[in-house]
2 protein chains.
Amino acid sequence: MAQPKIKNMEEFAAASGISRPTVSKYFHDPDSVRPSTRQRIEIAIEKYDYRPNIFAMNQNRKLTKNIGIVVPLISDPYFAEIARSLESRCIDAGYRPSLFSAHGSAALEVEVLEHLRSLKPAGVLLAPLGRASDRKVLEKFCDDIPTLIFDSNVEEFGIAFVGSDNAQFTTHITDYLCRTGEPPCFFEMKTPANPNAHRRRQSYLTAMEGFGHAPQVISVAGEGWGFEEIGRVGGHEALSEGRFSTNTILCSNDRLAIGLLTACYERGLRVGHAEGCSIRVAGQDGHPHSRYTCPPLTTISHKYDAVSKSAAEALFAAIDGHVSPWKSTRLEGTLILRDSA
Amino acid sequence: MAQPKIKNMEEFAAASGISRPTVSKYFHDPDSVRPSTRQRIEIAIEKYDYRPNIFAMNQNRKLTKNIGIVVPLISDPYFAEIARSLESRCIDAGYRPSLFSAHGSAALEVEVLEHLRSLKPAGVLLAPLGRASDRKVLEKFCDDIPTLIFDSNVEEFGIAFVGSDNAQFTTHITDYLCRTGEPPCFFEMKTPANPNAHRRRQSYLTAMEGFGHAPQVISVAGEGWGFEEIGRVGGHEALSEGRFSTNTILCSNDRLAIGLLTACYERGLRVGHAEGCSIRVAGQDGHPHSRYTCPPLTTISHKYDAVSKSAAEALFAAIDGHVSPWKSTRLEGTLILRDSA
DNA sequence: ATATAAATTTTACGCGCGTAAAATATTTCT
DNA sequence: AGAAATATTTTACGCGCGTAAAATTTATAT
C-alpha cells in the first residue's frame with residue numbers, strides 16, 4: 001500500500017532511510033548488500049511499490065540485465081516451446097529476457113540483431129535462420145556481444161553451441177525403422193533452410209550403409225519456412241511418380257512429415273505399422289503437434305528441457321565471466337514410438 | 001562507411017552540421033524537419049552509422065515509441081500468426097513493438113503488464129487470457145496506458161475491442177453443417193479459458209433453434225491451454241459413451257477439433273463427408289494447422305489480416321490523440337470447406 | 001578488546017538525450 | 001521586395017540513475 005508517491009531512487013532511499021548508492025547496488029544485485037539492509041529495502045519496496053526506471057538504469061550501465069532470445073520463426077511451435085523455456089530460465093536467474101523472431105527472413109534477422117545491439121544485452125540466446133543468415137553480420141554480432149548459438153550451428157561463432165545431436169537422431173530412428181520393417185527412404189527439402197538437415201541426410205546415408213541397406217534420398221523442391229506445404233506438395237509428387245523405393249519414409253523433420261501425412265491421406269494411403277497400412281512415416285524433432293497427427297507421428301524428440309537448461313547455463317556462466325573455449329554440446333534425442341511407423 | 005567514431009547525438013550533430021535539438025526532433029519524427037535538413041541528417045546517418053541511445057531517448061520522453069503486444073499463449077500458432085502480423089504493422093508505422101506471452105498463466109499476465117508499464121509504452125495491443133485474467137489489474141492497466149483489446153473481450157476496458165464475430169462464426173458454420181448433412185452437436189470445454197467460447201455455444205443454441213433442430217452440447221472436462229489433449233481425451237470419453245446424438249460435431253475451436261480428430265483416428269472412425277465416413281467434424285478459427293489435419297479440417301477462419309489491420313489502426317489513431325468512444329469491432333469469418341465436414 | 005575487513009554513507013560528477021524559451025535564419029506569400 | 005509564417009539554432013536545464021573515491025560505520029576474527 002503506497003501512501004506517499006515515490007518518484008525516484010533519491011526519494012525512495014530517503015524514505016527507507018538508506019543511501020541511494022546502496023539502494024542502487026541492491027537493485028544491481030540484492031546479494032551485494034548486508035542481509036539486514038536488504039530486508040529493510042525490500043520492506044520499503046513493498047510499502048512504496050517503487051521500482052527503478054529501467055531506461056535510466058540501463059543508460060550508464062556497461063552491462064545490463066537484458067537477455068535477447070532470437071528464434072527464426074516464432075510461429076513454429078517447436079521454437080515457441082523452446083523460447084518459452086529459455087524465457088523462464090532467464091527470469092529465474094534474474095535477467096530480463098526479450099523475445100524476437102526473424103519470421104523466416106534474413107533481412108529481419110539482421111534488423112533484430114541490430115535492434116538487440118541497442119538494448120546493450122548482457123547476452124543473447126540465438127537460434128539462427130541457418131543457411132540464409134548473413135554470416136558477416138552474425139560473426140560481428142557474436143564478437144561484440146556474448147552470444148550462445150542454439151538449435152542450429154552456423155560456424156564456431158559465439159561463446160558456444162548447444163543443440164541436439166542430429167547424427168544420433170537420424171541414426172537412432174533409422175535403426176529403429178530398419179529393425180521393425182523395410183529400411184526407410186529419406187524425405188527432405190532440396191534446399192533446406194537449416195544446416196541440421198544436412199547432418200541428418202548424411203547420418204541417414206551412413207546409417208543405411210552401416211546396416212547394409214541401399215539408401216534412397218528424395219529431395220523435394222520448395223523455398224521458405226512453409227514446411228508442411230512443401231512436404232504435402234512434394235509428397236504428392238513423389239508418391240504419384242513412385243519415387244519411394246520402400247514403404248517406409250523417414251522425414252528430415254516433423255513438419256515435413258505432417259505435410260506428407262496430409263498428402264498420404266489425400267491419396268487414400270493408410271499410414272502406420274498396423275494391418276492394412278501401406279506406408280510408414282516417421283519424423284524427427286518431437287514437434288508439439290506430432291502427438292495429434294493421424295496417425296500420431298513416430299519421431300525422435302529433442303530433449304527440450306535439457307537443451308534449454310544447457311544453453312541458458314552456458315550463457316549465464318559466460319556472462320559471469322567464466323570464460324571457456326568455444327564448445328559444441330549436442331544432446332541425444334528420445335525415440336517416441338507412435339502409430340505412424 | 002564510418003570513418004570517425006560518433007558516440008552521441010552531440011558529436012553526430014556537430015559532424016553533420018546540424019544542431020542537436022533538430023537532430024533530436026528528427027529522430028522523434030522525421031517529417032517534423034525541413035526536407036533538406038532531413039536529407040542531410042539521413043546522409044550523415046549512413047555515413048557515421050549513428051543511432052541514438054534508446055535508453056537515454058526514452059528516459060525523459062513522456063511518450064515513447066514502444067508498443068507492447070501481449071498474447072495469452074505464443075506457442076499457439078494462431079496467436080503467433082496474429083502477433084507476427086501486428087508486429088509488422090507496428091514497425092511499418094514507426095513503432096518499436098515488444099512481444100510478450102502470458103504462457104497461459106494469469107500470474108504471468110500480471111507480471112507482463114507490470115513489466116510493460118516500466119517500458120512506458122505509447123500503446124499496448126492486448127489479447128487477454130480471458131476468464132483467468134485479473135480483472136482489476138487489467139482495468140487499472142487500461143486506465144493508465146492506451147490499450148486496445150483484441151481477440152477476446154473481457155469488459156469494456158481500454159480504448160476499443162477488435163476481434164472476430166463469434167456469433168457469426170458459429171451461426172454460419174452451423175448453417176452450413178445443417179444444410180449438408182445431419183445437424184451438428186456442439187463439442188466444447190466445460191470451463192473454457194476464453195470468453196469467446198461462451199458466445200459460440202450460445203450462437204450454436206440460437207442457430208439450431210432457428211433452424212428447427214434440437215441442439216446438443218457436449219462439454220468435456222479439462223483445465224488449462226492444452227486444448228488438443230482435452231479434445232482427444234474428452235472425445236474418447238464422449239465417443240465411448242455414445243454421447244453424440246448425431247454424426248456431425250462442431251467443435252468450439254480448431255485445437256479441440258484437432259484433438260477430437262486424433263481420438264476418432266485412434267478409435268478407427270473415418271471422418272469426413274465422403275463415402276464410408278461415419279462422422280463429420282468441423283472446427284472454428286482457421287488455425288494455421290487446420291489445413292494439415294487428416295482429413296483437412298473444415299472450419300471458419302478469422303480474417304487475420306483484417307483483424308490485425310483494424311486493431312493496429314485503432315491503436316495508432318488513439319496514440320495520435322484521435323479520441324473516440326469505446327467501441328467493439330467484430331469481423332465476420334470466412335468458411336473454409338475441406339474434407340472433414 | 002582491538003585490529004582488520006567489509007559494508008555503507010557522503011560527496012560529486014557524468015551519461016545521452018528531452019525539452020523549453022528566445023534568438024535567428026529560412027521559406028512562403030502577396 | 002517586404003512581411004508573415006515556419007524552421008532551425010542557441011542556450012540552458014533537468015531526467016533518474018551509474019559509479020568512483022574518500023570517510024565513516026558495522027561486522028568479523030584473533
Side-chain angles (χ1 to χ4, degrees), chain A residues 4-45 48-66 94 96 115 117-122, chain B residues 4-45 48-66 94 96 115 117-122:
Chain A
K5 288 273 173 74
I6 298 295
K7 46 175 210 177
N8 59 31
M9 199 180 277
E10 194 81 52
E11 289 185 18
F12 174 77
S16 50
I18 293 171
S19 78
R20 191 178 65 74
T22 301
V23 172
S24 170
K25 215 176 160 203
Y26 164 85
F27 279 111
H28 187 70
D29 176 8
D31 281 326
S32 68
V33 302
R34 209 182 296 151
S36 61
T37 310
R38 175 173 179 169
Q39 200 172 18
R40 283 167 64 200
I41 293 176
E42 283 168 353
I43 287 170
I45 290 177
Y48 299 108
D49 193 36
Y50 166 77
R51 34 212 79 208
N53 179 311
I54 54 174
F55 299 113
M57 276 186 70
N58 290 329
Q59 176 171 8
N60 297 328
R61 243 217 263 281
K62 36 206 106 250
L63 213 58
T64 69
K65 282 287 189 176
N66 303 331
R96 301 201 313 97
H115 175 71
R117 264 176 200 283
S118 68
L119 252 40
K120 292 195 278 187
Chain B
K5 288 274 173 71
I6 299 292
K7 43 174 212 177
N8 60 29
M9 198 180 277
E10 194 81 52
E11 288 185 18
F12 175 76
S16 51
I18 293 171
S19 77
R20 190 178 65 73
T22 302
V23 173
S24 170
K25 215 176 160 204
Y26 164 85
F27 280 111
H28 187 69
D29 176 10
D31 282 325
S32 67
V33 303
R34 208 182 297 152
S36 62
T37 310
R38 175 174 179 168
Q39 201 172 20
R40 284 167 62 202
I41 293 176
E42 282 169 354
I43 287 169
I45 290 177
Y48 299 109
D49 192 38
Y50 167 76
R51 31 213 82 208
N53 179 312
I54 51 174
F55 298 113
M57 277 185 71
N58 290 329
Q59 175 170 9
N60 296 327
R61 245 217 264 279
K62 33 204 102 255
L63 214 57
T64 69
K65 282 285 189 178
N66 303 330
R96 303 199 315 96
H115 175 70
R117 264 177 200 282
S118 68
L119 251 40
K120 292 194 278 187

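This structure is a prediction, so every number in the text was calculated from the model and none was measured. Numbered from 1 within each chain, the chains take letters A, B, ... in sequence-line order.
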### Query
Out of D/dC17, C/dA7, C/dG16, which has the shortest distance to the side chain of B/Q59?
C/dG16
### Nearest to side-chain heavy atoms of A/R20, which nucleotide of C/dG18, D/dT26, D/dC17
D/dC17
### Task
To the nearest 0.5 angstrom, please state how far the CG atom of B/L119 sits from the CD1 atom of A/I54.
4.5 Å
### Query
Between C/dT19, D/dC17, C/dT10, which one does the side chain of A/P21 approach most closely?
C/dT10
### Query
So, is A/S19 close to the C/dT9 phosphate, meaning a side-chain N or O under 4.0 Å from OP1 or OP2?
yes
## Note on the structure
Result for 5'-nearest mapping on DNA chain C, choosing between B/H28 and A/S36, is A/S36
### Query
Which one of B/H28, B/R38, B/R40 satisfies the side chain to side chain contact (heavy atoms under 4.5 Å, CB included) criterion with B/V33?
B/R38
### Query
The side chain of A/M9 lies closest to which of these nucleotides: D/dC17, C/dC17, C/dT8?
D/dC17
#### Entry: B/A56 side chain, from C-beta outward: closest of D/dT8, C/dT9, C/dC17
C/dC17
### Query
If only side-chain N and O atoms of B/Y50 are considered, is one of them under 4.0 Å from the OP1 or OP2 phosphate oxygen of C/dC17?
yes
### Between D/dC17 (C1') and B/F55 (CZ): distance, integer Å
13 Å
### Nucleotide of C/dT26, C/dC17, C/dT8 approaching A/V33 most closely (side-chain heavy atoms)
C/dT8
## Note on the structure
Picking from C/dA12, C/dG16, D/dA12, the nucleotide nearest the side-chain atoms of B/N8 would be C/dG16
### Query
Rounded to whole angstrom units, what separation is found between the CZ atom of B/R34 and the P atom of C/dA25?
13 Å
### Message
Can you tell me how the ring of B/F27 sits relative to the ring of B/F12, calling it parallel under 30°, perpendicular over 60° and tilted otherwise?
### Response
tilted
### Task
Please determine, for the side chain of B/S24, which listed nucleotide (C/dT9, D/dA7, C/dT19) has the closest atom?
C/dT19
### Query
Does a sphere of radius 6.0 Å around CD in A/Q39 hold more than 12 heavy atoms from other residues, nucleotides or ligands, not counting ones at 6.0 Å or beyond?
no
### Query
What nucleotide among D/dT8, C/dT8, D/dG18 has an atom nearest to a side-chain atom of B/T37?
D/dT8
### Query
Quick one: which of D/dG14, D/dA7, D/dG18 gets closest to the side chain of A/M57?
D/dG18
### Task
Kindly give the heavy-atom pair with the smallest separation between A/N58 and A/K120, and that separation in Å.
O-NZ, 3.2 Å
